[in-house]
Q: 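If you scroll down you'll find the structure; I have some questions about it.
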Amino acid sequence: MESLTFRHATTKALPGAAPHAITGVVASGNLEILLERVLPPDACEVAVETPIAGYGAVWAAVVADFVARVQPGGLRISINDGGARPDTVSLRLLQGARLMER
Amino acid sequence: MPASTDPDAVLSGGDEAGPPPPARATARTGMSWYEASARQRVAALCDAGTFAEFLGPTERRTSPHLPLFDLPRAFDDGIVVGRARLDGKPVLVAAQEGRFMGGAFGEVHGAKLIGLLRAALQVRPAAVLILFDTGGVRLQEANAGETAIAEAMRAIAALRAAGVPVIGLVGGRAGAYGGGGLIAGTCARLAVSESGRISVSGPEVIETNRGAEEFDSRDRALVWRTMGGKHRRLIGGADAFCDDTAAGFRAAALDLIARAPAFDLATLEAEQARLAARIARFGDCRDAAEIWARLGVNDPDAVPAMEAAAFAETVARVEEAHHDAR
Amino acid sequence: MTLAEILASLFPDGHAVRVADGLIGGDGPFAEGQATVIGVDGDTALGVEGALALARAVLDAVRVGDGARSADVDAGSARESARKQGLGAGDDRGAVGNGAKAPILVLVDSDSQRMSRRDELLGLNECLAHLAKALLLADQAGHPTVGLIYGHSAAGAFIATALATRVLAALPGADPSVMDLPSVARVTKLPLDKLQEMAKSTPVFAPGLDNMVATGAVHAVLDPGKPLAGQIRALIAEAAAEDVRDRLGAARGGRPVAQAVAEAVAAAALRG
């Protein structure tokens, strides 16, 4: 298993009041994402556990793109990966953010 | 992040064995049960907004063992447990996630079910609902999983004896295989959908041990005939057959709670007679279609493709389907 | 120990326990009353017929213990058929002197469940669950249920027999397992030598008696050098009212978190 952690500063807090949300399932080609509103409003952290080693740069790019688009300030995001493709990861991150905005 | 080798192919007796998925409906309770996740099933089954999870994902009670095998963990270890209301009545609910490790019983997964069942003895809900979706024991935690299955059966027997109905719903991707099939057989009542396969040995397990002549696991039609929901309903192995929707399972659960049998000598004597009669009458049949013909089904070959309404009419004419001591 | 040696040690005054087609049935004088004996011998796989035959004998013992003799014509004829198979015991069994019900001993040296198309077609899950339920009902009715594994057992057969008793004992050399390591290697796609290495430090997945003891599934390992009857009587006397297997698993280290997780869930459920 490879553990990766990415920390980003955000310009604003993610709107909404949901304290936490979960989306996705740990399965082949899929992943689960747990989002928790526990950080300062200008910070976001994404922690990844993946059985597929050596894709740190790809994860970094996907996470950076998500943070830039959504500005998920205040969120700690924890990912259990089952070997998902980058587009699946992006989709799930956006789904998770939407759940937190409720 | 390429596709990995399939980490959830463990003992998932007949995964990917589904019939063509039914047309998807968007309504909350109309979604395909087979396609839905455990969380989606619970939310859609119970009264809207009433589900409260115990030991939810933020608690991070993950498997201490999977990392040894370089396998990813899930925050809920593949089972969702909690309380909710069903038609206003309090219920306790457990739902397995068949896509994570084939829904198999690991140490944490099993212990969450055990905790729920034991608490139910004091909480006295209107029912305990178990949403099965499991290939059986998680091999990486096999001893813990096997023991948890025995603990679950003991706890269910105690609950039933205390008058709390324990209702099983089987319609997930992984079915109810291995020890999951034995727990299902311990429940007071069972509802199945067409996708709800119930067995002990999965098709691949039989083929591996006995050869493809005994059971060709790639013959999906054979798998469905032998282990699928329609066969189980026709021979009396399940008490209700429902559409592959949360609404279907909800209606079935409400109906079954109201007619849960006692757990006593009379019930088990009746079950003994029921099962002995089944073996005496169908023990020489090689295929489910032969059994259905002997049950009096006019066109057994038409059963697999039968729509729910037509199947319900067929079931109504089969006496064995109404022998429901369990 | 062989089954014959075990029976001789359990019933020094003789017994009426027979084996037919790998299925054990009968009874013998035990403590101040009679004990019912069922089980599986000779590494036999448990199929639909075997499960029902064993369940028949258990339900008969419950009926006798309830004092509800011959109240049910169906049960009477079923008991007759069970006796023809050498499984049923006589009607003269009864309570053990002081009002305690007759023990039911489950002796196990089995294969796994019988793996066949026919067994699944006929509802093996129902038949195995029925046997387990019969044992659980007997336990609820006050019959001490004690398992004794003296050989192999695995998977569904293990769950339906030995694991459905209140107290499970083992003899040294017993070999309970869920799946053997070569099969685990196939399914997990891990090399066998790595699994063998992991098995030394990780009881949770590895086959064998020591690991099942550590998990809490097996309560005690008996001493074959001493009379088994006394050891079984002591286990019955000490048996806890509740299911202690997760507590044992935590204390012995074979299931490090199960008890704590179950208690956390139960506590949340009880918080109303």
Side-chain angles (χ1 to χ4, degrees), chain B residues 5 10 54-55 61 64-65 68-69 81 92 107-108 111-112 114-116 118-119 122-123 137 139-144 146-147 149-151 153-154 157 161 179 181-182 184-186 198-201 205-206 209-210 214-215 226-227 235 237 265 268-269 271-273 275-276 278-279 282 288, chain C residues 48-49 52 55-56 59 62-63 66 72 74-75 78 113 115-117 120-130 132-134 136-137 140 156 159-160 163-164 178-179 184 187-189 198 202-205 211-212 215-217 243 245 255-258 261-266 268-270:
Chain B
T5 53
V10 178
F54 306 144
L55 223 63
R61 291 291 187 107
H65 310 297
L68 294 170
F69 294 85
V81 299
L92 294 178
E107 179 169 356
V108 173
K112 287 171 76 175
I114 306 306
L116 190 81
R118 289 184 185 161
Q122 286 165 272
V123 172
V137 167
L139 282 186
Q140 292 83 356
E141 310 179 24
N143 301 332
E146 186 108 327
T147 312
I149 284 161
E151 290 170 328
M153 291 167 71
R154 178 165 285 271
L182 268 74
T186 310
I198 307 173
S199 270
V200 188
S201 313
V205 173
I206 298 175
N209 283 277
R210 298 281 305 277
E214 174 69 17
F215 206 117
T226 310
M227 302 166 171
I235 63 171
L265 183 59
L268 291 192
E269 284 287 7
E271 181 175 55
Q272 179 87 25
L275 295 173
R278 181 194 293 170
I279 293 171
F282 309 116
Chain C
V48 291
E49 289 90 354
L52 288 193
R56 175 72 268 151
L59 294 180
V62 174
R63 176 173 300 278
D66 286 356
D72 186 318
D74 286 341
Q113 73 273 7
M115 295 177 182
S116 80
R117 177 174 164 178
E120 297 303 341
L121 196 58
L122 292 171
L124 181 60
N125 79 298
E126 289 179 84
C127 296
L128 292 177
H130 176 68
K133 283 186 288 188
L136 293 165
L137 178 75
Q140 289 175 4
I159 297 172
L163 285 176
V178 178
M179 192 180 268
V184 175
V187 176
T188 60
K189 302 186 178 76
M198 290 169 71
T202 312
V204 76
F205 83 94
N211 296 317
M212 274 297 173
T215 308
D243 192 335
R245 289 176 283 197
R255 273 196 297 167
V257 301
V261 168
E263 284 178 356
V265 168
L270 293 170

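Chain letters run A, B, ... following the sequence lines, proteins first and then strands; every chain starts at 1. Keep in mind that the numbers below use all heavy atoms, side chains included, and drop hydrogens, waters and symmetry copies.
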Q: Please determine, among B:Gln122, B:Glu151, B:His65, B:Arg118, the option with the most heavy-atom pairs under 4.5 Å with chain C.
A: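 Of the options given, most contacts go to B:Glu151.
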
Q: Scan side-chain atoms only and decide if B:Ser199 and C:Glu120 contain a donor-acceptor pair under the 3.5 Å cut-off.
A: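 A pair is found: one side chain offers a donor N or O, the other an acceptor, under 3.5 Å apart.
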
Q: Return the CZ to OG1 distance between C:Arg245 and B:Thr147, rounded to the nearest 0.5 Å.
A: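 Output value for this atom pair is 7.5 Å.
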
Q: Going from OG1 on B:Thr186 to NE2 on C:His130, what distance comes out if it is rounded to the nearest 0.5 angstrom?
A: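 Interatomic distance, B:Thr186 OG1 to C:His130 NE2, rounded to 0.5 Å: 11.5 Å.
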
Q: Atom CD of B:Glu141 and atom CZ of C:Arg255: how far apart are they, to the nearest 0.5 Å?
A: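 Rounded to the nearest 0.5 Å, the CD-CZ separation comes to 11.5 Å.
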
Q: Is there a side-chain contact between C:Met115 and B:Phe215, using heavy atoms and a 4.5 Å cut-off?
A: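 Sidechains of B:Phe215 and C:Met115: no contact.
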
Q: Is B:Phe282 close to chain C through its backbone or its side chain, or both, or neither, when contacts mean heavy atoms under 4.5 Å?
A: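 For B:Phe282, the contact with chain C is made by backbone and side chain together.
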
Q: As an exercise, state the distance from CG of C:Leu124 to CG of B:Leu275, rounded to the nearest 0.5 Å.
A: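 C:Leu124 atom CG to B:Leu275 atom CG measures 10.5 Å (nearest 0.5 Å).
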
Q: Do B:Leu265 and C:Arg63 have side chains that get closer than 4.5 Å, going by heavy atoms?
A: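 A side-chain contact under 4.5 Å exists here.
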
Q: What distance do B:Ile206 atom CD1 and C:Gln113 atom CD have between them, rounded to the nearest 0.5 Å?
A: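 It comes to 8.5 Å.
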
Q: Where is the tightest heavy-atom contact between B:Met153 and C:Ala132, given as atom of each residue plus distance?
A: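 Heavy-atom minimum between the residues: CE-CB, 3.5 Å.
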
Q: Between C:Thr202, C:Val62, C:Val261, C:Leu121, which residue shows the highest count of heavy-atom pairs closer than 4.5 Å to chain B?
A: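 Between C:Thr202, C:Val62, C:Val261, C:Leu121, the count favours C:Leu121.
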
Q: Do you know which of C:Gly123, C:Gly156, C:Ala134 has the most heavy-atom pairs under 4.5 Å to chain B?
A: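 Of C:Gly123, C:Gly156, C:Ala134, C:Gly123 has the most heavy-atom pairs under 4.5 Å with chain B.
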
Q: Just jot down the salt bridge (Lys or Arg N to Asp or Glu O under 4.0 Å) partners of B:Lys112, sequence neighbours excluded, or say none.
A: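 Residues passing salt bridge (Lys or Arg N to Asp or Glu O under 4.0 Å) with B:Lys112: none at all.
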
Q: Answer with side chain, backbone, both or neither: which region of B:Val108 has an atom nearer than 4.5 Å to a non-hydrogen atom of chain C?
A: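 Answer is both: backbone and side chain atoms of B:Val108 are under 4.5 Å from chain C.
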
Q: For chain B, which candidate among C:Gly216, C:Ala55, C:Ser116 shows the most heavy-atom pairs at distances under 4.5 Å?
A: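 It is C:Ser116.
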
Q: List the atom of C:Ala266, the atom of B:Ala119, and the distance in Å for their closest heavy-atom pair.
A: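 It is CA-CB, 3.8 Å.
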
Q: Please report the closest heavy-atom contact between B:Ala161 and C:Gln140, naming both atoms and the distance.
A: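 For B:Ala161 versus C:Gln140, the nearest heavy atoms are CB-OE1, 3.3 Å.
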
Q: So which heavy atom on B:Gln140 is nearest to which on C:Phe205, and how close?
A: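 Taking B:Gln140 first and C:Phe205 second, the nearest heavy atoms are O-CB, 3.1 Å.
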
Q: So, B:Glu146 side chain and C:Ala217 main chain: donor-acceptor pair closer than 3.5 Å or not?
A: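 Between the backbone of C:Ala217 and the side chain of B:Glu146 there is no qualifying donor-acceptor contact (under 3.5 Å).
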
Q: Need one label for C:Ala269: side chain, backbone, both or neither, based on atoms under 4.5 Å from any heavy atom in chain B.
A: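 For C:Ala269, the contact with chain B is made by backbone and side chain together.
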
Q: Heavy-atom cut-off 4.5 Å, strictly under: side chain, backbone, both or neither for B:Arg61 against chain C?
A: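 Just its side chain gets close to chain C.
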
Q: Counting only N and O atoms by type, is there a donor-acceptor contact under 3.5 Å from the side chain of B:Gln272 to the main-chain atoms of C:Leu52?
A: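 Judged by distance alone, yes, a pair lies under 3.5 Å.
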
Q: With sequence neighbours left out, write down each residue that passes salt bridge (Lys or Arg N to Asp or Glu O under 4.0 Å) with B:Arg278, or none if nothing qualifies.
A: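 Listed in chain order: C:Glu126.
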
Q: Check C:Cys127 against B:Ile279 and note the closest heavy-atom contact, atom names and distance.
A: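 So the minimum-distance heavy-atom pair works out to SG-CD1, 4.4 Å.
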
Q: Write down the atom of B:Gly115, the atom of C:Val265, and the distance for their closest heavy-atom approach.
A: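 Here B:Gly115 and C:Val265 meet closest at C-CG1, 3.8 Å.
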
Q: Using a cut-off of under 4.5 Å on heavy-atom pairs, state which of C:Asn211, C:Leu163, C:Val48, C:Val257 scores highest against chain B.
A: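 Looking at each of C:Asn211, C:Leu163, C:Val48, C:Val257 in turn, C:Val257 comes out on top.
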
Q: Picking from B:Val123, B:Asn209, B:Thr226, which has the most non-hydrogen pairs under 4.5 angstrom with chain C?
A: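 So the answer, after comparing B:Val123, B:Asn209, B:Thr226, is B:Thr226.
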
Q: In Å, rounded to the nearest 0.5 Å, how long is the span from CZ of C:Arg117 to CZ of B:Arg210?
A: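 Separation between the atoms: 11.5 Å.
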
Q: Considering only heavy atoms, which portion of B:Leu116 lies under 4.5 Å from any heavy atom of chain C: side chain, backbone, both, or neither?
A: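 It is both, since atoms from each part get that close.
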
Q: What part of C:Pro203 is in contact with chain B, defined as an atom under 4.5 angstrom from a non-hydrogen atom: side chain, backbone, both or neither?
A: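 It is the backbone, since no side chain atom gets that close.
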
